[in-house]
Amino acid sequence: MADDAGKLKFGEARCPGPNFSDYLKDDAKPVPDFLLDEHYEYMGSEPLSTERYTSPEFFRKELDMMWSRVWQMAAREEELPEPGDVVVYKLAEKSFLIVRQKDGSVKAFYNVCLHRGRLLRTDSGWSKELKCPFHGFTWNNDGSLKEIPCQWDFDHLKKSEMGLPEVRVARWGGYIFINEDESAPDFLEWSSPMAEQLGRYRHEECYTASWVGKVIPANWKVVSEAFMEAWHSVVTHPHILPFTGDANSRYDVYGDHWNRALTPFAVLSPHLQGKGHSEQFIIDEFLKSNGRGAESGDEKVTVPDGVTARKAMAAANRVRFTEMFGHDHSDASDAELLDAFTYNLFPNLSPWGGFMPNIVYRWRPWPDQDHTLMEIRLLFRNPPDKPMPRAVPMKFLTEEQTFMDGADHLGPALAAVFDQDMVNLPYVQEGLKASKNKRIELGNYQEIRIRHFHRTLDKYLAGQMGQGAPQTASTKAKKAPAKKKKG
């Protein structure tokens, strides 16, 4: 695709056929404006260096310059519903305590005893106090010093100076975020307008019904980037092509800290167009392999004559989700009941939007540049007027176990897709180390979220963001909408 007169410029090409925006035009219900907003920005076509994924020095710089300066999701509210509940949140060499207070608020502390440096806790759970298992230095759950054994030997320590160092906390949508950087913008400003968009789907009304984690032998960016584009489905997930518009996804990037992919479901992949598949075939394949449809027991969704699989499936979900969760979905658009709205909040959180059981991904370095803790949660919407269930604990898979071994949590349809992804990733890491030219190439459109991610990462590594550094315009105010691209 040359940048010559009369030809498309770089970044303007789109997969032939209807894209996500085209499907919105035929929706049975009004579609929110934020879904209609196309927000693509061409960011160049330069390759990325493989050292970003393999170098211990680059990883060290990420820890020092980026991870300590960003908002990161440390817990969900339903993980610590009662005063005294504690969540231990670990990332690489850092460890934090997230503690529910008596008044219902949440505080976060560095998980380090101020005496000899032992971790105060190694596991989440309830605690009446924070007591070091080494010598017994003890703090109240609000971080204030409670007791020093053999106080007579520590007259040089002032109680007022011995409180546990705190970390900033932000609570939004049922998520609890922490940030070590006192100069970073508040979370809502930092994440805007993602919070406004996802707020429509009320994740605060949801609870963690399933949660599976596994350490993957690949860099945390390698693992997360596998979930930033949909077009790998044609080779990696061929069984979903009968109901997934993979290459017809729309990719939107906003400011510095978030982006989204919008992938239509209950439609044929463009790779299968013209194969003569019926609308009933599409919906049957959706119900068999999507894992998020409205079929229950022996019920079956039939496509009436003259109706698309997409409309029939959305109508069924509109009824079924209301029955399942007790919330009215009569005004929800087809897209919000069907499609994959995969949001990415920099650097390592990906919550799905829409009115349905929502998937949430989180990726954490574990503990070095060659390993990642991949976590997958399913959020179920809690019925009205019922107490919020406590989050289920994470099922930690061993190296030998597959996600299918955790299918009792995820369901076999979703687990099969994740296992297909995981087969690739260790070999990606090996290949990056073996590369002769030490570079990777990205598509201008379908992999724009990866390039957007690395642009923001580079700003942190260059000291342009956080800890008193001058903030970019996009962190001070909402970025002006980019010119819409058609195609």
Side-chain angles (χ1 to χ4, degrees), residues 43 46-74 88-96 110-112 117 119 167 177-181 184 190 213-229 256-259 344-350 361-376 396 399 421-422 424-442 447 449-467 469:
M43 298 182 185
E46 295 76 17
L48 297 179
S49 169
T50 60
E51 291 189 354
R52 303 175 77 85
Y53 306 89
T54 63
S55 164
E57 292 76 21
F58 191 91
F59 181 70
R60 179 74 255 170
K61 196 171 183 180
E62 288 178 338
L63 295 179
D64 293 342
M65 300 294 291
M66 186 274 288
W67 283 109
S68 61
R69 303 180 181 186
V70 295
W71 288 103
Q72 49 188 296
M73 193 271 276
V88 175
Y89 173 66
K90 298 192 296 182
L91 188 137
E93 62 196 25
K94 295 284 185 73
S95 183
F96 305 92
Y110 289 90
N111 184 17
V112 179
L119 294 179
V167 184
F177 296 86
I178 63 170
N179 193 331
E180 297 181 74
D181 184 3
W190 193 84
K214 183 178 180 180
V215 176
I216 309 300
N219 183 265
W220 69 277
K221 298 182 294 297
V222 166
V223 182
S224 64
E225 288 166 15
F227 297 85
M228 291 188 192
E229 44 83 10
D256 288 317
H257 294 118
W258 76 278
N259 54 53
N344 262 59
L345 181 64
F346 186 87
N348 67 328
L349 181 68
S350 180
Y361 306 129
R362 181 171 63 177
W363 303 279
R364 290 189 265 172
W366 202 266
D368 55 30
Q369 74 278 353
D370 290 326
H371 296 86
T372 302
L373 177 59
M374 165 94 193
E375 298 173 68
I376 305 162
F396 208 125
E399 181 180 355
D421 285 314
M422 296 309 122
N424 288 323
L425 302 184
Y427 296 114
V428 173
Q429 190 70 12
E430 286 189 31
L432 291 169
K433 292 182 177 181
S435 173
K436 172 66 174 177
N437 65 5
K438 302 299 181 183
R439 51 194 270 175
I440 64 171
E441 308 288 353
L442 297 174
E447 291 172 315
R449 294 209 298 165
I450 298 175
R451 194 174 295 281
H452 177 249
F453 169 89
H454 283 273
R455 184 176 73 173
T456 298
L457 176 59
D458 282 343
K459 290 181 181 181
Y460 278 95
L461 300 188
Q464 297 173 3
M465 304 178 76
Q467 292 187 346

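Nothing fancy with the numbering, it's 1 onward along the sequence.
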With no hydrogens and no angle check, is any side-chain donor or acceptor of [X] less than 3.5 Å from a backbone partner on [Y]?
| X | Y | result |
| --- | --- | --- |
| T456 | H257 | no |
| R362 | L373 | no |
| N424 | Y427 | no |
| K438 | L48 | no |
| R455 | M43 | no |
| R449 | M228 | yes |
| Q369 | S55 | no |

Nearest heavy atoms of [X] and [Y], plus distance in Å:
| X | Y | value |
| --- | --- | --- |
| L63 | A92 | CD2-CB, 3.7 Å |
| T372 | A218 | OG1-O, 2.7 Å |
| E180 | S68 | CB-O, 3.3 Å |
| R69 | M65 | CD-O, 3.0 Å |

Are the side chains of [X] and [Y] in touch, meaning some heavy atoms are under 4.5 Å apart?
| X | Y | answer |
| --- | --- | --- |
| N219 | E225 | no |
| K221 | E62 | yes |
| N348 | W67 | yes |
| F96 | V88 | no |
| P365 | F59 | yes |
| F346 | Y460 | yes |
| W363 | S350 | yes |
| H452 | N344 | no |

Over 12 foreign heavy atoms within 6.0 Å of [atom1], [X]:
| X | atom1 | result |
| --- | --- | --- |
| E399 | CD | no |
| F396 | CZ | yes |
| E51 | CD | no |

Does the ring centre of W220 sit less than 6.0 Å away from the ring centre of F453?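 Ring centres of W220 and F453 closer than 6.0 Å.
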Between H454 and Y53, ring centroids under 6.0 Å: yes
What's the spacing between [X] [atom1] and [Y] [atom2] if we round to 0.5 Å?
| X | Y | atom1 | atom2 | value |
| --- | --- | --- | --- | --- |
| D370 | Q429 | CG | CD | 5.0 Å |
| L432 | R52 | CG | CZ | 12.0 Å |
| M66 | L461 | CE | CG | 7.5 Å |
| N111 | K94 | CG | NZ | 12.5 Å |
| W190 | W71 | CH2 | CH2 | 9.0 Å |
| D421 | M374 | CG | CE | 7.5 Å |

Mind checking salt bridge (charged side-chain N to carboxylate O under 4.0 Å, His left out) for K90 and listing every partner two or more places apart, or none if nothing turns up?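 Salt bridge (charged side-chain N to carboxylate O under 4.0 Å, His left out) list for K90, sorted by chain: empty.
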Can you list the residues that meet the salt bridge (charged side-chain N to carboxylate O under 4.0 Å, His left out) rule with D64, with sequence neighbours excluded?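 Expected list: R60.
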Would Y89 and V167 count as a side chain to side chain contact (heavy atoms under 4.5 Å, CB included) here? Give the steps. CA-CA 12 Å; Y89 173 66; V167 184; over 6 Å; no
For I376 and Y361, what are the C-alpha separation, side-chain angles and deciding distance, and is it a side chain to side chain contact (heavy atoms under 4.5 Å, CB included)? CA-CA 5 Å; I376 305 162; Y361 306 129; 4.1 Å; yes
